[in-house]
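Hydrogens, waters and symmetry mates play no part in the numbers below; they use all other heavy atoms, side chains included. In what follows, chains carry the letters A, B, and so on, assigned in the order in which the sequence lines appear, proteins first and then strands, with residues in each chain numbered from 1.
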4 protein chains.
Amino acid sequence: MPFDAIFVPAAFREAVSDEAWLRAMLRAEGALRTVEGRAGLFPGAAPADPRLDAAALVEQGRSAGNPIEPLVRALRERDEHAHWGATSQDIMDTAAALVARHAGGLVAGELAGASEACARLAEAHRGTVMAARTLLQQAVPTTFGLKAAGWLVGLVHARERLLAAHLPAQLGGAGGTLASLGERGTEIARAYAEELDLPEPVVPWHTRRLPVAELAAALAVAAGWCGKIALDVALLAQTEVGEVREAEGGVSSTMPHKRNPVGAVVVRACAEHVRAGAGVLFRAIEQEHERAAGAWHTEWKALSDALAYAGGAASRLRELLDGLEVDAERMRANVTAETLSEAERFAPDASSPDDYLGSADAFVDRALAYYRRESA
Amino acid sequence: MPFDAIFVPAAFREAVSDEAWLRAMLRAEGALRTVEGRAGLFPGAAPADPRLDAAALVEQGRSAGNPIEPLVRALRERDEHAHWGATSQDIMDTAAALVARHAGGLVAGELAGASEACARLAEAHRGTVMAARTLLQQAVPTTFGLKAAGWLVGLVHARERLLAAHLPAQLGGAGGTLASLGERGTEIARAYAEELDLPEPVVPWHTRRLPVAELAAALAVAAGWCGKIALDVALLAQTEVGEVREAEGGVSSTMPHKRNPVGAVVVRACAEHVRAGAGVLFRAIEQEHERAAGAWHTEWKALSDALAYAGGAASRLRELLDGLEVDAERMRANVTAETLSEAERFAPDASSPDDYLGSADAFVDRALAYYRRESA
Amino acid sequence: MPFDAIFVPAAFREAVSDEAWLRAMLRAEGALRTVEGRAGLFPGAAPADPRLDAAALVEQGRSAGNPIEPLVRALRERDEHAHWGATSQDIMDTAAALVARHAGGLVAGELAGASEACARLAEAHRGTVMAARTLLQQAVPTTFGLKAAGWLVGLVHARERLLAAHLPAQLGGAGGTLASLGERGTEIARAYAEELDLPEPVVPWHTRRLPVAELAAALAVAAGWCGKIALDVALLAQTEVGEVREAEGGVSSTMPHKRNPVGAVVVRACAEHVRAGAGVLFRAIEQEHERAAGAWHTEWKALSDALAYAGGAASRLRELLDGLEVDAERMRANVTAETLSEAERFAPDASSPDDYLGSADAFVDRALAYYRRESA
Amino acid sequence: MPFDAIFVPAAFREAVSDEAWLRAMLRAEGALRTVEGRAGLFPGAAPADPRLDAAALVEQGRSAGNPIEPLVRALRERDEHAHWGATSQDIMDTAAALVARHAGGLVAGELAGASEACARLAEAHRGTVMAARTLLQQAVPTTFGLKAAGWLVGLVHARERLLAAHLPAQLGGAGGTLASLGERGTEIARAYAEELDLPEPVVPWHTRRLPVAELAAALAVAAGWCGKIALDVALLAQTEVGEVREAEGGVSSTMPHKRNPVGAVVVRACAEHVRAGAGVLFRAIEQEHERAAGAWHTEWKALSDALAYAGGAASRLRELLDGLEVDAERMRANVTAETLSEAERFAPDASSPDDYLGSADAFVDRALAYYRRESA
């Protein structure tokens with residue numbers, strides 16, 4: 001789609017490209033051939049993979065509605081045993097698991113980088129007093145350290161959930177019974193999952209798409225959380241607030257002196273596309289019988305969009321946080337007399353905003369301890 | 001909203017009613033008062049709760065945008081120490097956690113009931129041959145036992161995830177610092193969570209709504225999975241297929257002899273509303289600063305809808321499965337000659353559909369073992 | 001659902017209540033009976049409507065999956081000719097058309113009130129200089145009059161589209177052929193639509209739900225637009241900006257001196273629920289054959305939610321705008337030196353912000369002329 | 001995104017490609033330069049457009065968050081007057097209007113083709129008796145002609161609405177006041193819209209995105225309706241129903257003799273992506289102040305997805321309908337005795353299904369007349 005490159009770095013675009021999917025499909029076919037050979041179903045070793053053009057395969061896949069049918073034709077030209085026992089969906093779903101593991105890992109890496117930046121900010125700004133704002137009104141004093149600690153906790157949580165959301169290997173054959181593998185079905189299926197180092201499902205999940213929806217949820221939560229931090233940044237960067245500023249703030253075609261919070265804007269836009277993809281994947285739980293008449297076909301784009309744009313959100317957020325300029329003096333100066341007097345109502349013996357901060361520092365400690373524990 | 005009673009049983013409607021929320025709010029306020037009294041912040045015990053009219057409170061809440069402000073006024077008329085240290089959102093969010101735990105537990109109970117029905121079907125129909133259908137075309141033979149086993153695995157998985165999706169207690173005060181509790185903040189917050197038997201968050205989660213989104217995801221996955229089973233039932237019940245029939249099939253205002261798959265229809269409709277609520281809750285991750293200017297306010301209805309309609313989906317599915325009439329003869333008779341010859345290609349030595357079933361029975365065993373293990 | 005009363009005024013809740021739907025169903029049944037009687041199909045006049053309890057009917061509708069079946073049973077106890085030729089969906093859909101016309105009209109009325117307030121603001125603040133803000137950064141000077149004029153144009157447009165989005169009458173009989181009306185089908189269908197003053201469709205629209213989706217779109221556009229204005233208000237009301245203030249700003253349970261932009265917050269929350277309902281209605285376009293197996297059943301709640309919450313958004317916006325306090329001095333004072341110098345680059349001969357306003361005033365004129373033309 | 005080519009024909013992918021957007025931006029810049037020159041703002045003619053690489057521009061646009069900033073830099077290297085008075089969004093939005101007009105026109109063309117196919121089917125199958133099905137159960141007899149007529153009415157309606165959904169030209173300058181055009185702003189804006197043959201908005205619509213949402217709604221309605229027809233086709237093509245068959249039914253990698261309803265499956269998948277894009281565009285109505293901090297940036301991908309996948313849905317549906325094989329004998333044979341007896345209850349004098357068809361034929365006439373009227 002147009003302008004992807006504005007939002008999604010090359011590594012993420014490549015991780016969900018036709019080429020990446022093709023590599024994953026070949027790996028799935030290869031693993032199947034290997035374990036079937038090893039189990040003695042066929043003599044001899046598999047030939048090397050043919051050289052295939054991903055774009056051409058996809059074009060040829062139009063009539064079958066998926067790219068596996070032309071792929072299998074190409075494989076079988078050299079190896080009559082290729083794809084034995086599998087159905088198109090076995091290969092596509094296993095490829096999805098491999099693509100998601102790789103791309104999801106990249107997203108998790110960016111979340112880890114953003115967490116590190118938040119941890120630094122939380123530590124550095126324990127004593128930076130600023131206004132807590134509720135319903136966009138100043139409420140009582142807090143610290144920027146606590147704000148960054150809150151960002152941190154969400155990032156750590158989101159990364160942990162993302163890493164736990166795996167797609168299993170898929171091998172069920174035409175109807176989910178592995179019929180053409182006779183009595184060896186479950187044995188081959190287990191070896192196939194092991195060969196690919198993917199979870200083995202209880203039973204084939206051709207139309208039991210819960211893992212896909214759960215991965216989608218993890219991506220939407222992660223990207224949404226990046227969006228929340230970006231929203232805070234954009235609000236703090238407002239001209240009238242001026243408490244933070246992006247180091248690489250965007251330039252404007254008409255107003256060269258402006259420093260726009262472009263990173264925050266891009267993060268928020270990415271998060272929206274992840275949610276849209278997740279919405280499709282949640283809908284796609286309802287699939288007909290043993291293979292869906294449409295819903296399964298929606299997953300490839302929706303999952304790829306969700307992975308790529310989650311990567312766009314997380315990587316841009318990491319860049320943004322790594323270079324965030326914090327104006328601690330402005331933060332304190334912005335705290336209004338009314339906000340202070342609000343604080344005084346609750347802590348009548350206090351003499352400066354720092355005395356009204358309650359458990360702010362203790363919460364920063366808890367957040368950092370959580371971060372260190374989960375990152376270990 | 002109109003016609004709720006067609007879709008959602010009374011127990012679920014009550015579990016998310018104004019009254020249920022009010023009880024949960026009073027329980028949160030009571031727990032706070034209790035632990036603060038116990039900690040020696042105030043002398044004496046709290047008075048009994050005032051008698052409050054939920055509808056009136058909600059009407060009065062219109063000007064503040066939430067029902068806590070009038071609730072706190074009523075409490076403080078009798079007890080000047082009520083609500084000490086808390087902000088409205090602390091009570092609302094803790095109430096949400098209590099409401100969600102109760103209603104979510106009811107949903108999980110219905111999922112367990114539906115699982116039991118599936119386990120019975122899977123066991124009873126191990127040998128019931130039927131056509132596996134892909135893209136709504138017959139593919140190869142399978143068994144109804146395996147179909148039910150697949151339904152079972154998804155139900156067990158969905159229930160497990162739902163039970164793992166907890167909302168924590170909330171106590172952060174006006175700005176998330178617990179400022180008015182001075183140095184006792186974290187101690188009081190822990191005691192409050194323990195008093196309510198709710199998880200204690202790392203730090204207050206006023207605008208870190210990941211647990212809400214994750215609960216939403218669990219509900220949407222559970223209801224969506226109910227919808228998938230209902231879709232299969234509706235397709236199998238088609239006049240031209242006739243392989244299953246709802247015991248309590250719906251009557252028609254114009255065609256008294258029809259037996260409509262009304263249960264399946266209701267389940268599917270419910271699932272759609274759960275997804276809609278979940279979509280709102282995913283959007284609501286992006287909240288401004290320390291309290292949101294709108295997104296938080298969307299959660300109450302969205303979460304209540306999601307809980308109630310997930311209950312509608314799960315309970316109707318359980319009823320439907322409990323009474324499902326399975327026509328095993330029709331299942332076998334519907335398997336076409338073409339489907340059989342397809343199977344023969346893969347298993348040339350077989351002589352009846354039963355010989356083409358590959359790992360179907362082994363998969364049923366695996367599914368039942370998984371069910372027993374997870375239900376233990 | 002809980003807390004509806006915080007967001008939706010009583011008039012809108014009533015307009016989509018079980019009772020309102022029941023009245024509309026009875027009106028549809030009555031119109032059918034009347035035109036069939038007039039056409040000579042039956043002798044004699046219809047008896048008066050029975051007294052029916054909406055809640056009881058809905059409970060009884062659980063087994064049929066809709067409330068028409070028990071309604072028809074009740075009607076036929078007194079009048080064997082009731083419901084002749086109709087199917088449940090004919091009555092439900094016609095009732096939906098009547099409910100939507102009434103509730104939609106109420107929404108349109110609130111949009112008209114909000115438009116009037118915007119027109120007043122646009123006229124009054126033609127000369128009120130303020131900063132235009134792009135990406136939440138000050139850009140160049142504009143006027144609050146132009147900002148209000150932009151709000152106005154969207155409100156007028158949204159109201160116009162909403163008023164143009166009608167649901168037609170529905171009369172198709174069991175299969176959409178009006179079979180039991182023999183050769184008189186199209187004649188009766190036309191008379192029925194005329195009797196109800198509803199549009200007559202080209203052919204029955206049992207599963208051609210485009211008008212429902214279009215109404216949903218009109219509601220989501222209208223509520224979304226209210227949300228945009230509310231977002232601007234909430235941002236302008238920020239402590240650090242302070243350019244507007246809600247007359248009826250919300251009180252806080254913990255911070256009695258705060259004036260929260262509660263109206264804006266409520267409007268934004270309502271808009272989200274309208275979008276959620278619209279999402280369901282867009283999905284519901286895909287319906288099976290001549291009556292859907294689930295999607296149709298999702299419409300009642302989704303449409304009712306969308307109508308009620310659009311009413312909540314529009315009415316609260318009207319109130320908010322009617323009482324909006326505008327601080328013109330603060331607006332001008334907030335314009336930074338940098339924003340002014342930006343303006344100077346483009347208009348080097350100018351000497352005050354008022355000289356940099358380009359077509360702002362001309363655009364206000366155009367907006368007001370458009371408003372007057374469309375309201376005439 | 002991967003596999004786009006399976007779903008979206010090349011013409012639609014190209015119509016929303018980076019290159020197509022770049023051409024549209026250059027056209028917008030060119031029109032602005034032309035009308036400003038014509039109005040005497042600058043001497044001399046504009047130089048020819050520079051040769052630009054769309055992919056490189058987009059990469060360079062990453063720091064500004066849009067591709068206009070590097071585009072303007074390139075233009076101004078040759079022509080200091082380029083982009084005078086405009087802001088990035090003016091060019092992007094006008095480009096969106098041009099891209100949408102072109103791609104939307106292609107979609108409308110495919111809808112017209114599909115309509116023609118339906119009209120042929122409706123005429124040819126006036127007398128083809130089949131079962132009307134409600135809740136996936138046979139109800140009463142109808143004709144395939146009436147079914148196709150219903151499809152036709154929706155297609156005509158959807159095409160008409162799509163053609164009416166225009167995006168206007170955009171020209172507002174940095175803050176929506178056209179400040180740098182002094183007193184000539186509205187004159188230049190009008191000339192610019194006329195030069196591009198685009199509607200002129202009442203006032204600039206930088207953050208008044210109602211037209212985008214309405215276009216999104218028209219696309220989602222159109223694609224959703226294609227999805228409804230595809231759903232009917234997939235259901236009628238089921239092995240156990242066998243009433244229609246796609247001429248170009250898909251091949252299977254494992255079951256070469258199957259003829260899958262691949263066209264219908266692809267149409268349904270496309271429709272889902274259009275809805276997802278529309279959901280993003282509905283959310284994007286809520287934009288901050290005079291330029292949004294994220295929502296605007298979501299539109300480019302969402303609108304491009306919606307246009308391309310609406311094209312995918314409509315074009316595949318047209319192909320599918322053009323080649324649809326209808327088995328009229330099977331249709332009649334499938335009508336069960338119970339369905340016939342149901343019909344007899346209403347028309348006791350009838351002697352064959354053809355006598356129970358009520359207004360089916362009259363409705364076909366009405367649909368065809370509507371088609372001819374709207375297509376004229």
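In this structure, chain C has a heavy atom under 4.5 Å from the side chain of B:Glu288, while its backbone stays farther away. Interface remark: B:Gln238 contributes no atoms to any contact with chain C (heavy atom separation under 4.5 Å). For B:Ala308, the part lying under 4.5 angstrom from a heavy atom of chain C is the side chain only. The contact between B:Ser304 and chain C is made by backbone and side chain atoms together, counting heavy-atom distances below 4.5 Å. Contact annotation for C:His297: both backbone and side-chain heavy atoms come within less than 4.5 Å of a heavy atom of chain B. Residue contact with chain C, scored on non-hydrogen atoms closer than 4.5 Å, is absent for B:Arg275. If you measure heavy-atom distances from B:Arg73 to chain C, you find no contacts under 4.5 Å at all.
In this structure, C:Lys228 and C:Asp232 have side chains that are in contact, with non-hydrogen atoms separated by less than 4.5 Å.
Side chain of C:Arg76 to main chain of C:Ala82: a donor-acceptor pair is present (N/O by atom type, distance under 3.5 Å, no hydrogens or angles). In this structure, B:Glu246 contributes its side chain and B:Gly263 its backbone to a donor-acceptor pair below 3.5 Å. At distances below 3.5 Å, not a single donor-acceptor pair connects side-chain atoms of B:Glu286 with backbone N or O atoms of B:Arg283. Using modelled atom types, one side-chain atom of C:Asp18 and one backbone atom of B:Phe3 make a donor-acceptor pair closer than 3.5 Å.
Counting heavy-atom pairs under 4.5 Å between each of B:Glu272, B:Arg268, B:Glu19, B:His273 and chain C puts B:His273 at the top. Ranked by heavy-atom pairs under 4.5 Å with chain B, the list C:Ser180, C:Pro67, C:Ala55 is led by C:Pro67. For the set C:Ile91, C:Val266, C:Val265, the count of heavy-atom pairs under 4.5 angstrom toward chain B peaks at C:Val265. Among B:Gln60, B:Lys301, B:Arg316, B:Arg13, the residue with the largest count of heavy-atom pairs under 4.5 Å with chain C is B:Lys301. Per-residue counts of heavy-atom pairs under 4.5 Å with chain B were compared for C:Ala269, C:Ala293, C:Ala5; the largest is that of C:Ala293.
Between the side chains of C:Thr87 and C:Arg291, at least one donor N or O sits under 3.5 Å from an acceptor N or O.
B:Leu75 contributes atom CG, which lies 9.0 Å from atom NE2 of B:His83 (distance to the nearest 0.5 angstrom).
Note on C:Arg33 versus C:Asp79: salt bridge recorded, some NZ/NE/NH1/NH2 to OD/OE distance being below 4.0 Å.
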